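Scroll down for the structure; my scribbles are underneath it.
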Amino acid sequence: MRNVITTELTKLRRQIYIKLLQKIISGKYNEIPKISKEIIKEGNILQGQNVYKMKITIDETIKIILGTNYSKTKDLELYEIVPEMEAILKGESPLMNKSGKVINIIREICDGCPLPSYHITNMCRNCSAKYCINSCPRNAIVTTDKRPEIDLEKCVGCGLCAKNCPYGAIIKIQRPCVFACAVGATCSDENGFVLIDDEKCVQCGECAVACPFGAIVESSSISQVAIRLGKEPMVAIFAPASVSQFGPKVSLGQFKRALKEVGFADALEVAIGADMVAKEEAEYIEKNLDELGFITTSCCPAFKRMIETRFPEVVEHISPSLSPMNMLAKKIKEDHPNAKVVFIGPCIAKKYEVTLEPYTDYALTYEEIASMFAVKGIEPSSVEEEELDNATPYGRFFAISGGVAEAVRNFVNKEFETVVCSGLKECIHILKKAKKGEVKGLIEGMSCEGGCISGTRVMVNPRIAMSNLRKLFKIEEGILNQ
Amino acid sequence: MKVKVCVGTMCHLMGASEILTTIQEIAENNPDIEIVSVTCPGYCHIGKKPPIIEIDGQVYENVSVESVHHILKGADK
């Protein structure tokens with residue numbers, strides 16, 4: 001599961017959200033280009049980074065989180081965008097990002113770090129035995145007068161040299177974005193800078209979390225939401241993973257209340273939608289599992305897109321149900337066609353999913369909505385607690401790996417197998433088997449290891465959040481206890 | 001020693017939950033430390049940098065998981 005560390009970069013990104021929201025809410029659009037100066041002046045220089053790099057990081061991040069199409073705005077200066085601000089906030093500017101692509105690369109910030117490779121460090125003693133040379137199956141290690149060297153042209157990356165070195169002097173260098181990407185979508189351009197293969201990318205956002213330079217940034221709709229809040233009817237729907245995301249003093253009921261105070265007409269739990277999905281998928285399984293052999297869940301957008309891009313021959317095995325988010329949003333839209341529905345969760349891929357169906361209008365992460373709380377002076381821990389919606393504990397456990405399968409099982413009146421895969425790597429592994437007919441039953445797939453509670457943009461360590469979720473709600477657990 | 005950890009929105013955004021976990025870990029071996037998580041006492045509104053903790057009335061700003069060890073040691077004397 002993910003280990004959440006609030007790094008200097010995390011703090012910088014959140015400061016940018018706060019500053020940008022301040023300018024937008026107060027209508028001072030012409031001050032947006034000054035945000036980088038303000039942040040730098042306040043002494044928040046990333047340790048060891050120069051001011052130029054810092055300014056670029058802030059300015060380019062602002063363009064991306066304004067929701068613009070970065071391939072169009074990357075060559076513009078921020079002040080050139082200011083005259084377009086009204087249109088950008090309304091979502092009508094030609095500069096807006098209309099594609100479902102939410103992952104953007106700031107090329108100036110990319111460090112062009114080395115691609116994954118093995119490297120003999122100066123801890124090497126140049127011993128007589130030469131375990132490295134003798135264990136290499138490709139003769140990729142050559143002797144020099146100082147110490148052996150790896151010929152990267154020949155090296156296949158098996159790692160045997162590192163394993164056999166008695167000094168542990170051989171290390172594997174990683175490129176964080178490449179390591180994080182389970183679908184092999186991050187690659188290099190001719191100059192060694194990161195490039196994303198849009199055909200392969202599933203918009204999971206792991207590369208954005210992994211990049212230690214902040215060169216990969218996800219789009220945002222926070223500005224468009226901020227400008228409409230309190231003026232247009234908007235309904236917030238929050239993910240089952242919301243438990244504990246705002247610290248130990250904020251209950252789910254208080255979070256619900258805080259959303260209303262910040263300007264939403266209503267705030268509902270996506271867990272209600274999850275209950276609807278579980279029932280629908282249960283019916284679908286009863287009718288179709290025998291014929292199809294295996295059926296996969298459809299609630300995780302990155303998982304679903306992974307199947308569509310990588311295993312197109314099995315797309316008919318994906319459950320036709322909407323995701324819990326869209327299920328609930330559809331119901332809200334039926335009752336209130338003019339309302340805008342805003343999803344709040346831990347997920348970057350949901351930002352992509354909202355562009356696919358007409359039900360949910362915007363998707364925000366917890367840090368985005370928390371920045372809004374901060375700017376509007378709302379302290380969720382001080383507001384009154386509201387009663388929660390009548391979702392079942394099964395719907396609420398959609399946040400944890402195994403929870404979806406458990407909920408569906410609860411509604412199905414026949415025996416069937418379930419396979420839980422957590423993390424995209426495991427999902428790919430299981431689908432390869434399923435394609436060959438080796439896996440039967442319901443395949444639950446979640447792109448993040450551990451489930452949404454360990455999502456790409458969670459604010460609290462998943463272990464803490466998960467233990468709180470289990471304390472708050474109880475279900476008879478079969479799969480979840482394993 | 002009474003350690004107040006602010007877990008208000010601003011401090012939370014700047015990593016207060018990790019600070020709290022770290023202090024809880026330190027307190028496991030030190031029965032003198034009493035931890036109270038508090039909601040925003042307003043220090044960030046008067047220019048202090050979050051995350052903020054308060055030890056026996058003394059306010060510490062811009063606390064990190066690293067610096068909190070030193071702060072607690074210093075305050076213990």
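Per chain, numbering begins at 1; letters A, B, ... match sequence-line order. Predicted model only: the values in this text are computed from it and were never measured.
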Under 4.5 Å from a heavy atom of chain B, the part of [X] involved:
X	answer
V250(A)	neither
I378(A)	backbone
S371(A)	both

Flag the one option from H12(B), H45(B), M14(B) with the top tally of heavy-atom pairs under 4.5 Å to chain A. H12(B)
Kindly write out the residues that satisfy side-chain hydrogen bond (donor to acceptor under 3.5 Å, both in side chains) with Q224(A), not counting sequence neighbours, or none if the list is empty. none
Heavy-atom proximity to chain A below 4.5 Å, by part of [X]:
X	value
S37(B)	both
S64(B)	neither
V65(B)	neither

For chain B, which residues from residues 241-249 of chain A lie under 4.5 Å away (heavy-atom distances)? Q245(A), F246(A), G247(A), P248(A), K249(A)
Using modelled atom types only, decide if a donor and an acceptor are shared between the side chain of E379(A) and the backbone of T39(B) within a distance under 3.5 Å. no
Looking at CD of E18(B) and CG of N3(A), how far apart are the two atoms once the value is rounded to the nearest 0.5 Å? 8.0 Å
Interatomic spacing from CE in M372(A) to OG1 in T9(B) - rounded to 0.5 Å: 13.0 Å
Side chain proximity check, N461(A) to T21(B), heavy atoms < 4.5 angstrom: no
For a 4.5 angstrom cut-off between non-hydrogen side-chain atoms, does L13(B) reach Q15(A)? no
Report, as yes or no, whether the 6.0 Å neighbourhood of atom NZ on K4(B) holds more than 12 heavy atoms from other residues, nucleotides or ligands. no
